[in-house]
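Take a look at the structure set out below.
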There are 4 protein chains.
Amino acid sequence: MSSSPQTKSVPRKRSNGIAAREKILDAAARIASERGYEGTSISVVSKRSGFPASSIYWHFKNKDDLIAAVIERSFAAWLQALTDLQPPGEDATLEEKVTHQAAQFSHAIEVSPDFLRLGLMLGLEHRPEDPTARKMFLKVRSRAFRNAVKSFAEWLPDFDRGALEELASFTVALADGFFMSQQVADATHDLMGRVDMQAAAILGVVELLRQKRG
Amino acid sequence: MSSSPQTKSVPRKRSNGIAAREKILDAAARIASERGYEGTSISVVSKRSGFPASSIYWHFKNKDDLIAAVIERSFAAWLQALTDLQPPGEDATLEEKVTHQAAQFSHAIEVSPDFLRLGLMLGLEHRPEDPTARKMFLKVRSRAFRNAVKSFAEWLPDFDRGALEELASFTVALADGFFMSQQVADATHDLMGRVDMQAAAILGVVELLRQKRG
Amino acid sequence: MSSSPQTKSVPRKRSNGIAAREKILDAAARIASERGYEGTSISVVSKRSGFPASSIYWHFKNKDDLIAAVIERSFAAWLQALTDLQPPGEDATLEEKVTHQAAQFSHAIEVSPDFLRLGLMLGLEHRPEDPTARKMFLKVRSRAFRNAVKSFAEWLPDFDRGALEELASFTVALADGFFMSQQVADATHDLMGRVDMQAAAILGVVELLRQKRG
Amino acid sequence: MSSSPQTKSVPRKRSNGIAAREKILDAAARIASERGYEGTSISVVSKRSGFPASSIYWHFKNKDDLIAAVIERSFAAWLQALTDLQPPGEDATLEEKVTHQAAQFSHAIEVSPDFLRLGLMLGLEHRPEDPTARKMFLKVRSRAFRNAVKSFAEWLPDFDRGALEELASFTVALADGFFMSQQVADATHDLMGRVDMQAAAILGVVELLRQKRG
DNA sequence: AATGAATGAGGATTCATTCAT
DNA sequence: AATGAATGAATCCTCATTCAT
């Protein structure tokens, strides 16, 4: 810097904690959603992120903490995607509202599939010592469930709490199933895009619940 | 490691081969469905089954082979459960048939959940080197898909191939989703038992497809 | 072997578990007594013993277990050395008996100093999570203490339990101190050999206790 | 590591340098006397003292230097404790003088046991690369030895140099032994307090040496 | 039909230390 | 006067697998 005035003090790459942390999270997210919890070895994350393993431990307490951070961050992205779409108009029909909701879910999943992928992987595991990452996914997911209940409560004022919760559970399960099918990819048909099918299914269930009540 | 010097090795009775193999598979199945592919280490299987690691290698070529065997065996159990129920009568209504099918699925899953659990875990993973276990699950699963297509073809003679496949995909996705919900267990409601909801959803979709065609 | 009858089936070095275990213990004992618990890294033991680290873990559960085994084994050697000497004659004077005992201790320490060295190192440490090795040393040591009490009880029938225990504690402390001095080696004089000094000190204390009682 | 991103770093007040140094030494002393040289990792000292590792390096050249400083400081405390007591009167009997000396030692050890504890730990280790800390302890200790020789020379003018040194060695060894016993704590009796036993032992040895000479 | 012993590769994590700020 | 960030080397230990018996 002292040598010449025009030396444009190169943007020092050194010691930018946040950026490094982000790069590590990027690598970890990609790997974790490919290989699950056990498969995400620190050494692979190290290789993919370009940081030595010991640097990863500067930013994260341990592997568990790292993966929990991945879940947390990808959930934020997911939430963002979920709110990017406008809510359906007040005077829309139930069918329109439900379709809109399904579209939102599909969109969110398409935009940040890592969240659900890794989350479901963790969800399927039932090991004695539950990693914090799993707990974090569960927490986040139950929030999504409560949101769905609230929406349905607005749209179906005549439904009681029990029915609303059943409907919400069904909706979430449906989204999970569509996602799973896409991931496992044994279907020739890309279900994720079939927003209308999701809506039709939900309406079918609404009908069922209404009959039972009546 | 189970027979390492520290573990006082009980003089093992020259047990017959098949029983040993079965015990190993039992242990492996339990562990794999708890912890997934990577989490199923030979040494844990050894500890849980009571056989030294080297004995496991006497019965199975390698880890991959062991887990493939687990999948294979649990698929057999699943198939058995699936055929225990009688097919619906010829003259049943569509609703009855669909409900019956859903009940069959629910039953099969309840009877041997390990198959689906481990299978979905493997399905979610997308690693470069695909373990045989994963391929085996995919094969088995696509057979289930084709069966569903065949059933629907009988029940809905007016549907074309494309519609039938969409319907089958949907059915499978729905079952997956219900299973996931039960596993993740964030729902207050046990969806697996809600055969009527599954049927209602499918009928809703049938209706949709029928409209589109018309 | 099939090629020629005279091939003297070379003494197979392979798979001789006990011998390997012993070699590992030898290496570990040497290192541990040089560098203490923390300083005894598995990788050094591996290098010194010629076995890869993973082989060490076949024979010992973990580092703690290994060092506990070292203590255990070297205690056996020590006990052996302690009993190699004949007990003093029944009709010997107290001075002769005490001198004999001191000689025994000195001898035992000289023959297998590793036991005391490592033991005292562990004894000095007071970390929260007490390694089993330390506990083992303490156990072994309290046995030595009880033996001393028994000896003194025979030689000094007029002493009460309290006095006997004080005397035994003193004797042990004295031996420790002499050993320490030799190890730290700041003294120009090799105390270990001065059996007569140890005896004189003990007799001085016997006298003191006798006065207090009288 | 104490200030890693996970640990929410409380905005540290620009504390004055000496106080920080002292706090680090406090932490290091406690840890070193619990776990010895190897066990005293910079990161533990950092956690316990509340200062980031890099700050420790600002105050001390390296780990070795830090522990040497610990020894140095605790030696000062020890020396202080040693001189707090007045010397015995000129016209006291030998027994009184020796008892007084023993009391002094006991007191000093009780007041600052860390010095001896850590010192003996280092003394027991015989590793190739001798840490400065060990050398410092040895130096300090040999000074104590020379002091003892000088005292005895005054009290026992008829003893030759050799005898005086043997006596001093014995005294030091005895103190070590008593300390060890207390640390290892296998004795039911708290020997440290038994100043009279130490004195009696020394007098016993004085007697022995006198006989040999005579 | 089985297993005790061994092993190289890799797992997570901590180490002492540095350096730009 | 201090520290956030980084790092290579070392830590303990587990992995999947082999092989002689």
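Letters A, B, ... are given to chains in the order of the sequence lines, protein chains preceding strands, and every chain is numbered from 1.
- By the salt bridge (Lys or Arg N to Asp or Glu O under 4.0 Å) test, A/R117 pairs with no residue at all, sequence neighbours left out.
- For A/S33, the side-chain hydrogen bond (donor to acceptor under 3.5 Å, both in side chains) criterion is met by A/D114, not counting sequence neighbours.
- Open room surrounds NZ on B/K139; 12 or fewer heavy atoms of other groups in view lie less than 6.0 Å from it.
- Contacts of C/N62 classified as side-chain contact (heavy atoms from CB on, under 4.5 Å), with partners at least two apart in sequence or in another chain: C/Y57, C/D64, C/D65.
- Distance from the side chain of B/P52 is smallest for E/dG4 among the nucleotides F/dG4, F/dT17, E/dG4.
- Residues passing the side-chain hydrogen bond (donor to acceptor under 3.5 Å, both in side chains) test with C/R73 are C/E22, C/D26, sequence neighbours excluded.
- Within residues 61-74 of chain A, the residues that have a heavy atom under 4.0 Å from DNA chain E are, in order of number, A/N62, A/K63.
- Note: CZ (B/R35) to C1' (F/dT14) measures 12 Å, nearest angstrom.
- Remark: D/R35 engages C/R127, D/I31, D/V44, D/R48 in a side-chain contact (heavy atoms from CB on, under 4.5 Å) (not counting sequence neighbours).
- The line from CD of C/E38 to CE of D/M121 is 10.0 Å long, rounded to the nearest 0.5 Å.
- Following rounding to the nearest Å, A/Y57 (OH) and E/dG11 (P) show an atom-to-atom distance of 11 Å.
- A/W58 has its CH2 atom 17 Å from the P atom of E/dT18, to the nearest Å.
- Across residues 36-49 of chain A, not one residue has a non-hydrogen atom less than 4.0 Å from an atom of DNA chain F.
- Scored by the side-chain contact (heavy atoms from CB on, under 4.5 Å) test, D/S54 finds D/P52 as partners (sequence neighbours excluded).
- Taking the side chain of C/S55 as heavy atoms from C-beta on, and the options E/dT7, F/dA6, F/dT17, the nearest nucleotide is E/dT7.
- The phosphate of F/dG4 has neither OP1 nor OP2 within less than 4.0 Å of any side-chain N or O from A/H59.
- A search for side-chain hydrogen bond (donor to acceptor under 3.5 Å, both in side chains) contacts involving B/S74 returns nothing, not counting sequence neighbours.
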How does DNA chain F look in dot-bracket notation if pairs are Watson-Crick or G-U with both distances under 3.5 Å, crossing ones as [ ], other-strand ones as |?
-> .||||||||||||||||||||
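- For B/F115, the ring-ring contact (aromatic ring centres under 6.0 Å, His included) criterion is met by B/F75, B/W78, B/F137, not counting sequence neighbours.
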